[in-house]
There are 2 protein chains.
Amino acid sequence: MFLSRVTNALDAKGRVSVPADFRAVISSDRASGNFDGIIVWPSLSGPWLEGGGIALMREYQDLLDNMDPFDDDRIVFERTIFGEGRRLAFDANGRVSLPKDLAVYAGLDKQVTFVGLGRRFEILNPKDCETKFQQARAKVQQNPHRLRLGGKPASQDSAGSR
Amino acid sequence: MFLSRVTNALDAKGRVSVPADFRAVISSDRASGNFDGIIVWPSLSGPWLEGGGIALMREYQDLLDNMDPFDDDRIVFERTIFGEGRRLAFDANGRVSLPKDLAVYAGLDKQVTFVGLGRRFEILNPKDCETKFQQARAKVQQNPHRLRLGGKPASQDSAGSR
DNA sequence: TTATAAATGGGATAACATAGGATAGAGTGG
DNA sequence: CCACTCTATCCTATGTTATCCCATTTATAA
């Protein structure tokens, strides 16, 4: 499970270290022979990136496999999920090199922040991250009931927030 | 799993490099002795091409075996994918040469874009690709609920809205 | 402090995409 | 039946980019 917030440097070659904790998650749910790296895609919700391990992609694939092959929405999801995703392999030091267009999309410059979201994570500009965090906090304080921490029920979760 | 979007040049001889990532997928799920190349057919849905490895053809065959022999979808499926499909072998540099009629069908000229869709991929004109992607993105944003991205529960996710 | 792991920097190297000539095979016309 | 053309495949070459490898720094823990 991806947890916590880490800021690392993006070097001149476009490389950035993936936090060691995150790497541990990837390699633990990685059956031998699986891709050793992360999958990253531009968020549908705004100018930042989202990512996860290959296992997450398989979950998405399972969901899609259950859709009607001739459903119009199916191809739309296939394009957005698989077509936008990039496979970024770890180098020997646990770094990935971030494609330039993704960096531009997310406004990433010298520093990037990884934010764990459980099944997946976000990659964004540290400044934007701070802003988003404050907004999210404010929202929860206004509306504390939606997330019922500590109780089983939580029928309408929404926890995944994102 | 085929991921991401790559644009490569179609040269004067009708050759185009298949993205290295895609080739890796093919050779990884390729039992030794299998066909080293891609299978390409005109899409059922419009003027572009679809393709995959030989392994995908096997999957389709299994699917078809379980369909009603008189199902209309089945017949269309068989005719396009098996009937119209072409076997394009890699050359030493990982290129295939795209038959002229397929290029015409898909309106391919100097540049072609490969779009990963998980089990298969699309091959189309970069301009058309851009259009389709914008449409897909817009559609998913309007209707993110059909596919429960990011988690099991999330019946009315999107909570984090923003 | 010392030891261990993680993150960072940069030069060397290999992989990739692309171009073009050379060769072999299919099809056509004489 | 042979010569010719056209086309497809093979092979080598080259610029560009990514990745490999090693060295150094920073952080964490004993």
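Letters A, B, ... are given to chains in the order of the sequence lines, protein chains preceding strands, and every chain is numbered from 1. When reading the values below, keep in mind they use all heavy atoms of this one structure, side chains included, and skip hydrogens, waters and symmetry mates.
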Is it possible for you to check whether A/R79 lies under 6.0 Å from the centre of the six-membered ring of B/W48, through NZ or CZ, and within 45° of that ring's axis? yes

Would you check if there is a donor-acceptor pair between the side chains of A/N34 and A/R58 at a distance under 3.5 Å? yes

Is a donor from one side chain sitting under 3.5 angstrom from an acceptor on the other, for A/Q111 and A/T7? no

Starting at [atom1] of [X] and ending at [atom2] of [N], how long is that distance when rounded to a whole Å?
X	N	atom1	atom2	result
A/F90	C/dA6	CZ	P	13 Å
B/D91	C/dA22	CG	P	18 Å
A/R86	D/dT17	CZ	P	16 Å
B/D101	D/dA8	CG	P	11 Å
A/F114	C/dA6	CZ	C1'	14 Å

Centroid separation under 6.0 Å, is that true for the rings of A/F22 and A/F121? yes

Under 3.5 Å, side chain of A/S43 to main-chain N/O of A/S45, donor-acceptor pair present? yes

Assigning hydrophobic clusters by single linkage (Ile, Leu, Val, Met, Phe, Trp, Tyr; side-chain heavy-atom cutoff under 4.5 Å), is A/L3 placed with A/V6? no

Taking only Lys NZ, Arg NE, NH1 and NH2, and the carboxylate oxygens of Asp or Glu, determine whether B/R5 and B/E130 approach each other closer than 4.0 Å. yes

A/E84/B/R137 ion pair, N-O < 4.0 Å: yes

Tabulated below should be each protein N or O lying under 3.5 Å from an N or O of nucleotides 22-30 of chain D; please produce it.
unit_1 : atom_1 : unit_2 : atom_2 : d
D/dC22 : N4     : A/N93  : ND2    : 3.0

Expected list for residues 7-23 of chain A near DNA chain C, using heavy atoms below 4.0 Å, is A/N8, A/A9, A/D11, A/K13, A/R15, A/S17, A/V18, A/P19, A/A20, A/R23

